[in-house]
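To start, I am sharing the structure in question, which I have written as structure tokens.
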Protein chains: 2
Amino acid sequence: MTRPAKRITSSDVARAAGVSRATVSFVLNDRPGLSITQETRRRVLEAAQRLDYRPHASARSLAAGRSDVVLLSIPDLPIGSGISRFVEELATALAAYGLTLVTHLAGAHGRPLPDVCASVDASAVIGFDPFDHDTIQALYRAGARVVIPPDADPPAATGHLGRAQADHLISRGHRRLGYAAPAHAGYRAMAEERLRGVTDACAEAGIDPPVVLTTTLEIASAAQAVTHWAERSVTGICAFNDETAIAVLAGLYHHGLSAPADLAVIGADDIPTARLATPPLTTVCYDLHQAGRQRAEAVVAGLTGHQDDVALTPAIPQVVQRSST
Amino acid sequence: MTRPAKRITSSDVARAAGVSRATVSFVLNDRPGLSITQETRRRVLEAAQRLDYRPHASARSLAAGRSDVVLLSIPDLPIGSGISRFVEELATALAAYGLTLVTHLAGAHGRPLPDVCASVDASAVIGFDPFDHDTIQALYRAGARVVIPPDADPPAATGHLGRAQADHLISRGHRRLGYAAPAHAGYRAMAEERLRGVTDACAEAGIDPPVVLTTTLEIASAAQAVTHWAERSVTGICAFNDETAIAVLAGLYHHGLSAPADLAVIGADDIPTARLATPPLTTVCYDLHQAGRQRAEAVVAGLTGHQDDVALTPAIPQVVQRSST
DNA sequence: GCGCGTTACCTACGCGTGTTAGTACGTTAA
DNA sequence: TTAACGTACTAACACGCGTAGGTAACGCGC
């Protein structure tokens, strides 16, 4: 077991560089409007690097009244690789502004979000689900200066995914759709939003609402759902996500059937194994690259006081066409 | 957009309760060895609750020299649901000790771990991969008081997964094994450790080392690997993880072959779609529930100074027998 | 010599806590 | 009467940093 090393403070750097602590602070924070000799600046930077100086975050945020921590709250559901890509993109974009992203699984047993926000002294909080009003107030009281989404319309945005699935199937001639809902309770809210998109698209196309069936990730369960859909002449399935879609494909295979001839299946999220399914799965997903970047910009705009300048345009889902539709 | 609320400090609580700030601190931290009247205690608690007082984490950790934040570093790889279960378990166990877990995706582009550790002022850092010595030193310098794994034998533990895979195949009579390595660069280190376990198991069983081939998650790539293995009379494949294993299954299917008749395939991690593969995938995984709880205990032991009392017994991998072997 | 402006830095305060060393007020013991 | 001791608090310092305000040195014009 390696022993803890002593903490390096800005006084240590100041002493090593032969200047005052204030000068160290000016140099390291690149304070504008102050004149520091190139030579002094160099000495400070060299000393800081040599000592591997890292400002004490707590002291800094206490003094400056703001931290560089951004908290991402992830709902209590099995994390898919899509979220992971989103997180990576977001973290990268924030890092470019000197901000650090940490995530927190808002599980049922964990601490309430405002507590976590206070614990890490986050200056911004990003969520997936919209927060209710009380939570937002508590987050502000816990020290957050920016909260995203504030209370805007992301539910509608989530519905877009389902709408894109349905539109795709309808455009390929399907007139009777099914919806494969997940059994996992944690998915409930998100599944209902995606379903709403499907239902809306059906209504606009003038066809019946989708036949909704719940399936677990067991082949037997999916096979049973396939039987039900067949009985009701359903020809195209929108699945809650790719895993559910792959379950449906497995259910088809179990009956000696296959997509898209017997039943077209479209998933959501584009997980890595989607392309490895038999047949390779058609799916929809957001441009997470863009979504992450946009969230990062919104945070930065909020922190610098221009929060009204950036509107969160709902991300546009894209269809990844493969062979299951 | 709701407007930020003013921060409540312990002075506010003290004023509201008609006592000094010090008394508030004593009451809220339940300081032992001090006598506080029941009545005073009640007044303080009531005032704190009424004002929704939350101690400023930065100020507290500055003054006390410790924070209640535990940082979990997750390697740069698509997060599987297994990790998510592990994180949930860990967060719950830590919350019971008043500690807050936040996670950080150690992506290639993100900030170096010590920076993040310093940013959130974490008092403990938990990692998956073993940290190298320099990183550990930097983490201590960044303010961490406990680092897990310290530098112990988790490489061996990680290797256990590969060993379990190989042992399983060998026990079923396979004498010539292959290893399916991932193409993704972020997986490199972890893949090599798992491969080492396979190689060790082969050596102990007195058979040739595995035929290592790299494959992407494209069917064509996997099919090519399958051809190579067939040419070298390989009968059983240990895949780096389930996704790679599913790619191998898809490669087999592409040639009109199937597991386990033509080639046995075993994955790792037990992702949700593993049971949905054709055929359902045999795989190995850790008991993450137990692993999370154990890490939490190690952190607490470390923070309270009894770090030598808790030995991290390497988690024991379990084989999930399905139909691909 | 004096006033003024600029450059290059330093002194000193405050952020909101935890915590040590006290203080004021009893009660008891010698 | 005074010392000793326990109770129930409070005053004041320290943590490491950002930053407002100051100051010494120097140049320049008159």
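Chain naming here is simple, since letters A, B, ... match the order of the sequence lines and numbering starts at 1 in each. Keep in mind that this is a model prediction, so the values were computed, not measured.
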Counting only heavy atoms not in B:Arg50, do more than 12 sit closer than 6.0 Å to its CZ atom?
yes
May I ask you to check whether over 12 heavy atoms, not counting those of A:Glu39, lie within 6.0 Å of atom CD?
yes
Does any residue of residues 53-63 of chain A have a heavy atom under 4.0 Å from DNA chain C, and if so, which ones, in number order?
A:Leu62, A:Ala63
Terminal axes of the helix from C:dG1-D:dC30 to C:dA30-D:dT1 (five pairs each): angle between them, nearest 10 degrees:
80°
Taking CD from B:Glu39 and P from D:dC9, how many angstroms apart are they, rounded to a whole number?
9 Å
Without decimals, in angstroms, what is the distance between B:Arg15 CZ and C:dG16 C1'?
13 Å
Under-4.0 Å side-chain N/O to phosphate OP1/OP2 contact, A:Ser10 with D:dC17:
yes
With 3.5 Å as the limit, what N/O pairs link the protein to nucleotides 9-11 of chain C?
from	atom 1	to	atom 2	distance (Å)
C:dC9	OP1	A:Thr37	OG1	3.4
C:dC9	OP1	A:Thr40	OG1	2.7
C:dC9	OP2	A:Thr37	N	3.0
C:dC9	OP2	A:Thr37	OG1	2.7
C:dC9	OP2	A:Thr40	OG1	3.3
C:dC10	OP1	A:Ser20	N	3.4
C:dC10	OP2	A:Ser20	N	2.8
C:dC10	OP2	A:Ser20	OG	3.0
C:dC10	OP2	A:Thr23	OG1	2.6

Any side-chain N or O of B:Arg7 under 4.0 Å from OP1/OP2 of C:dT17?
no
Please check if the number of heavy atoms outside B:Arg41 that lie under 6.0 Å from its CZ is greater than 12.
yes
Value in whole Å for how far the C1' atom of D:dG16 lies from CG of B:Asp121
11 Å
Please work out if A:Ser25 contacts a base, only the sugar-phosphate, or nothing of the nucleic acid, heavy-atom cut-off 4.0 Å.
base
Return the value, rounded to whole Å, for the distance between atom CG of B:Asn29 and atom P of C:dT20.
12 Å
Rounded to the nearest Å, what distance is computed from the CG atom of residue A:Asp12 to the P atom of nucleotide D:dG16?
9 Å
Test log, rule side-chain hydrogen bond (donor to acceptor under 3.5 Å, both in side chains), inputs B:Asp121 and B:Ser67
CA-CA 7 Å; B:Asp121 195 29; B:Ser67 78; 4.5 Å; no
